[in-house]
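First comes the structure, then the notes that go with it.
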Number of protein chains: 2
Amino acid sequence: MAHYMSDKVNEKVDIVAVAKAARVSASTVSRSFNHPGLVSPATRKRITRAVEKLGYIRNRAAQSMHGRRNATIGLIVPTIDHAIFAEVIQSFSDSIDRAGFTLLIASHSYDLDREYAMMRKLMEHRVDGIALVGLEHSDASLRLLQQQGTPAMALWNYAPDSVLPCVGADNHEAGRIAADHLLGLGHRDIGLVFPRPDGNDRASARLSGARARLLAEGVPLVDDWQWEAPYSIAQAKQVAQELLQRRHRPTALLCGNDVIAQGVIYGAQSCGLRVPEDISVIGIGDFKGSNEMEPGLTTIRIPARSIGEIAGARFTDLITGVNTEHFRINCPLECILRGTARAL
Amino acid sequence: MAHYMSDKVNEKVDIVAVAKAARVSASTVSRSFNHPGLVSPATRKRITRAVEKLGYIRNRAAQSMHGRRNATIGLIVPTIDHAIFAEVIQSFSDSIDRAGFTLLIASHSYDLDREYAMMRKLMEHRVDGIALVGLEHSDASLRLLQQQGTPAMALWNYAPDSVLPCVGADNHEAGRIAADHLLGLGHRDIGLVFPRPDGNDRASARLSGARARLLAEGVPLVDDWQWEAPYSIAQAKQVAQELLQRRHRPTALLCGNDVIAQGVIYGAQSCGLRVPEDISVIGIGDFKGSNEMEPGLTTIRIPARSIGEIAGARFTDLITGVNTEHFRINCPLECILRGTARAL
DNA sequence: AGATTTTATGAAAACATTTGCATTACTATT
DNA sequence: AATAGTAATGCAAATGTTTTCATAAAATCT
């Protein structure tokens, strides 16, 4: 342990030490924290003074043993290290902080077995609730949740029939809007660049939304123009380079997210193509930096900030019993017109 | 609370329920978790079976009341929502997870008073240790740490005389290396674009490192070429646009970090300048995406991943008593040659 | 002034676990 | 066979807090 020099060494400053210093009982000290109305202003002041003098800090662990809330919420994300999750984590954290909660975080690197393990770990800490990203989870996880009766919610995705309460965006709709925008600009030769859809409900929903919209318009889905690229600028760039070398190429590229779009744009530029003059590109997400690119990326904005914000507020309400209604909140998407998609 | 249908309703499955089911005492169950060597293999098996049957999950809160570790580490960052912190948080989290710890996270948006408040909050949860970003903290925070005797460490910055154990990079050195690289390429007319240095020890150390190196070489520091820009692509872009419109402009720009560098590059491009042909740019940090830009950003790499990794390992060692030596670890910087800085 | 209600406080039980000490049942040593 | 030593287990106290119940003091009503 750290060897700081010791002040006036604090011999176990617990609630009874405070009580002694304030010349009241421990019960009164506890009450003055939890039900201040029940203790007289005079003693309350004495207690406050004692607390400050001794440097007392309440022990949540001891509290939570009485069925009291822990004031912690667990969040399990695929990864923290991604612009979009970082943003949603930040706003979720801020939001629950406002209700007095602290965030216990864990990541599983897109491995549902690890998600289960993380859930158990958070449950050992008796978190007051667990928020998960997305709607796809192992049966074991869902079962554990229900068996333990831990309040839970899904973040990031919206589905009208979600079993968990959810706050997020409709990815099918996102794909649809993106396709719609390109169609509106007069494009008919549209390529799709998406990550593998399996195990990624976001990607697959977006893809099916885009496809549906194109089919509805009678636009043929050329097999040669359907590409797979992971969420990596470098790899998307490489894919685009191959794709765009073909003789016959699309006039527009619809990308699974902004990272792919950005990679695709770099790829196009490195092939000597100008965006949007020679080829239009649209992304999904509106990540940080998408606005500042040169030219700015046209994209479908998923409101990460407000998803985290709303999710935090509703979840803490549910946990504290302020509002226990089951919620499924669809955060509206927005088509952000910037410089990478032009009318034909 | 959530209303899942109830299985075979678990009436308080605690350690004595397990004990009963395994026909042993609670003590034995506890021991079989914490000191498995002390209990016979046969009973251990019975206990394991009972645990699984009842779906028992240990209660860390109750454990921690016995001075036992909580298996949680608190991390306080300025913001989660920043490429560089997200990366270091991720690797720190992974690293402590390997030692069985969970991360309790809080952010203070660059407000030292809020940092103090967050520290108290984490202490209420009796975290086993607290990691802070950077070396600048309020006296109150430092005092609180020492008073409570909570193990603490600093992440991200290195200083040979740090009072807290630290794992990070030497920012002065980073500035020096960047300047050195530009000098090596033959540049003499060098502009500096940095954020406000006050309250940001990273920025000020980098700036002073760069200045020192330039002065040592006898390169004059033209006042007109010293610009302030916050860590924002958009604002850095704007600053660069003004800066580069001047008649007399530098041949190279040394930027406080990669975000600024990226903004500056966009600004230059929008002024019709080519990077690196017309102007060289160097950043500091090597954020995600810096490599994939077109052209790739020349920068001084701060090894976020290994900082988090090493910090997590050393901190958990310190907390568990495996290695209680005071540590100050300087993670080596690297000059990454890419496409935005050319020889004159 | 006496009876009744209200307000403020304390004593003790309860929460889920760990651990020091005591006990029992073996095993090894003489 | 008696003794010492060891391994496995249980009992009960302890951990820091909250809460129920009881009690004392003060305020209000008749």
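Numbers restart at 1 for each chain; the letters A, B, ... are given by sequence-line order, proteins then strands.
Atom CZ of A:R60 and atom C1' of D:dT18 are 14 Å apart (whole Å). When rounded to the nearest whole Å, the span between NE2 of A:H35 and C1' of C:dT9 equals 14 Å. To the nearest angstrom, P of C:dA8 lies 15 Å from NZ of A:K45. If you measure from atom NE2 of A:H125 to atom P of C:dA16, you get 18 Å, rounded to the nearest angstrom. Atom CZ in B:F33 sits about 15 Å away from atom P in D:dT9, given to the nearest Å. One can place CG of B:N70 at 15 Å from C1' of C:dT18, the figure rounded to the nearest angstrom. Regarding A:L38, its CG atom lies at a distance of 14 Å from the C1' atom of D:dC21, rounded to whole Å.
Using cut-offs of 30° and 60° for the angle between ring planes, the A:F85 and A:Y110 rings count as tilted.
Taking five base pairs at each end of the helix from C:dA1-D:dT30 to C:dT30-D:dA1 and finding the rotation axis that steps the C1' atoms of four pairs onto the next four gives two axes whose angle is 40°, to the nearest 10°.
Taking CD1 of A:I130 as the reference point, atom CG of A:L75 lies at 10.0 Å (rounded to 0.5 Å). Atom-to-atom distance recorded for B:R44:CZ and B:L38:CG is 9.5 Å, nearest 0.5 angstrom. With values rounded to the nearest 0.5 angstrom, A:M118 atom CE is found 7.5 Å from B:T102 atom OG1. Note that CD of B:E124 is 4.5 Å distant from CZ of A:R60, once rounded to the nearest 0.5 Å.
B:S64 comes within contact range of no nucleotide atom at all, as no heavy-atom separation falls under 4.0 Å.
Heavy-atom minimum distance, B:D128 versus B:A71: OD2-N, 2.5 Å. Closest approach of A:H125 to B:N70, counting heavy atoms only: CE1-O, 3.0 Å.
Under the 3.5 Å distance criterion, with hydrogens and angles disregarded, a donor-acceptor pair is assigned to the side chains of A:Q90 and A:D94. In the model, B:S25 has a side-chain atom that pairs as donor or acceptor with a side-chain atom of B:T28 under 3.5 Å.
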Checklist entry - Which letters describe nucleotides 10-17 of chain D, given B = protein heavy atom under 4.0 Å from base, S = only from sugar-phosphate, - = neither? => result BBB-BBBB
